[in-house]
Amino acid sequence: QKEVEQNSGPLSVPEGAIASLNCTYSDRGSQSFFWYRQYSGKSPELIMSIYSNGDKEDGRFTAQLNKASQYVSLLIRDSQPSDSATYLCAVRPYGNNRLAFGKGNQVVVIP
Amino acid sequence: ETGVTQTPRHLVMGMTNKKSLKCEQHLGHNAMYWYKQSAKKPLELMFVYSLEERVENNSVPSRFSPECPNSSHLFLHLHTLQPEDSALYLCASSQSLSRGTSQNIQYFGAGTRLSVL
């Protein structure tokens, strides 16, 4: 079982719509969860972090965490062409400095 | 600008060359990381240096050799690489667990795009 799974293929959304990305993780003791955005040819940049169950909102981004289901998601409201990128889910296993990353989900916002 | 600087940004080398990648962080962090990013694969952690540990991914070949002279600098020495080593190499830094933070947010440098001919 992979540590972090992002199974969806490329996601195409019309401008102004909501993009929804999902991620599951295997280590039940994990306590820190992150979403990074990576533009083509660039390095990952942090857009959201979440540490407790529930929702966390930051501008047009909302992260949702459900530790019982080992599930974390990212919603992008009012999607813009500038949101077109690959979104990486990252999880810090318990007692580790390191992060485990998923493969990423590519989002394409269509004007 | 994330506070993590990597040089060079691009590197082309032959299989018999020796080169080094450099990473410097100006964030006061005490943990640094090397990642490899190949096409259509997850970010792969290669090495971790922190107050608590030096961790090596056992699947990383010995032709990659890390060096961490202090908490602000990290090097990746390369020798006799193979074409399949061509990838984006990313450095990151964070506070380590010993500093009592659970956040451990990692900040990435811009990366070195490596091509092995």
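Each chain gets a letter, A, B and so on, in the order its sequence line appears, and its residues count up from 1.
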Q: Indicate if B/L11 and B/F75 have the same hydrophobic cluster label, given that clusters are the connected sets of ILVMFWY residues with side-chain heavy-atom separations under 4.5 angstrom.
A: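 Shared cluster, no.
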Q: What residue in B/E44, B/K41, B/R113, B/Q37 has the most heavy-atom pairs under 4.5 Å with chain A?
A: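 Among the listed options, the one with the most contacts to chain A is B/Q37.
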Q: What part of A/Q38 is in contact with chain B, defined as an atom under 4.5 angstrom from a non-hydrogen atom: side chain, backbone, both or neither?
A: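 Just its side chain gets close to chain B.
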Q: Would you say the side-chain atoms of A/S43 pair up with the backbone N or O of B/G109, donor to acceptor, closer than 3.5 Å?
A: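 Pair found, side chain donor or acceptor close to backbone of B/G109.
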Q: Between A/Y36 and B/Q106, is the side-chain contact (heavy atoms from CB on, under 4.5 Å) condition met? List the steps.
A: CA-CA 10 Å; A/Y36 284 83; B/Q106 292 188 17; 3.6 Å; yes
Q: If I measure from the heavy atoms of chain B, does A/L99 come under 4.5 Å with its side chain, its backbone, both, or neither?
A: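 It is both, since atoms from each part get that close.
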Q: Under a 4.5 Å heavy-atom cut-off, does chain A meet the side chain of B/F108, its backbone, both or neither?
A: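 Its backbone and side chain both get close to chain A.
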Q: In terms of hydrophobic clustering (I, L, V, M, F, W, Y; side-chain heavy atoms under 4.5 Å; direct or indirect links), are B/L74 and B/L90 co-clustered?
A: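 Different hydrophobic clusters.
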Q: With hydrophobic residues grouped by side-chain heavy-atom distances under 4.5 Å, do B/L88 and B/M13 end up in a single group?
A: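 Different clusters: B/L88 never reaches B/M13 through Ile, Leu, Val, Met, Phe, Trp or Tyr contacts under 4.5 Å.
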Q: Give a yes or no on whether A/K103 atom NZ has more than 12 heavy-atom contacts from other residues, nucleotides or ligands under 6.0 Å away.
A: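 Counting neighbours around NZ of A/K103, 12 or fewer heavy atoms of other residues, nucleotides or ligands fall under 6.0 Å, so no.
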Q: Quick one: pull up CZ in A/R98 and CZ in B/F47 and give me the separation to the nearest 0.5 Å.
A: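 A/R98 atom CZ to B/F47 atom CZ measures 15.0 Å (nearest 0.5 Å).
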Q: Take atom NZ of A/K56 as the centre, draw a 6.0 Å sphere, and report whether it contains more than 12 heavy atoms from other residues, nucleotides or ligands.
A: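 More than 12 within 6.0 Å, yes.
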Q: Decide whether B/W34 and B/V116 are clustered together by the hydrophobic rule: side chain heavy atoms of Ile, Leu, Val, Met, Phe, Trp, Tyr closer than 4.5 Å, transitively.
A: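 Yes; tracing contacts between hydrophobic side chains, which count when under 4.5 Å, links both residues.
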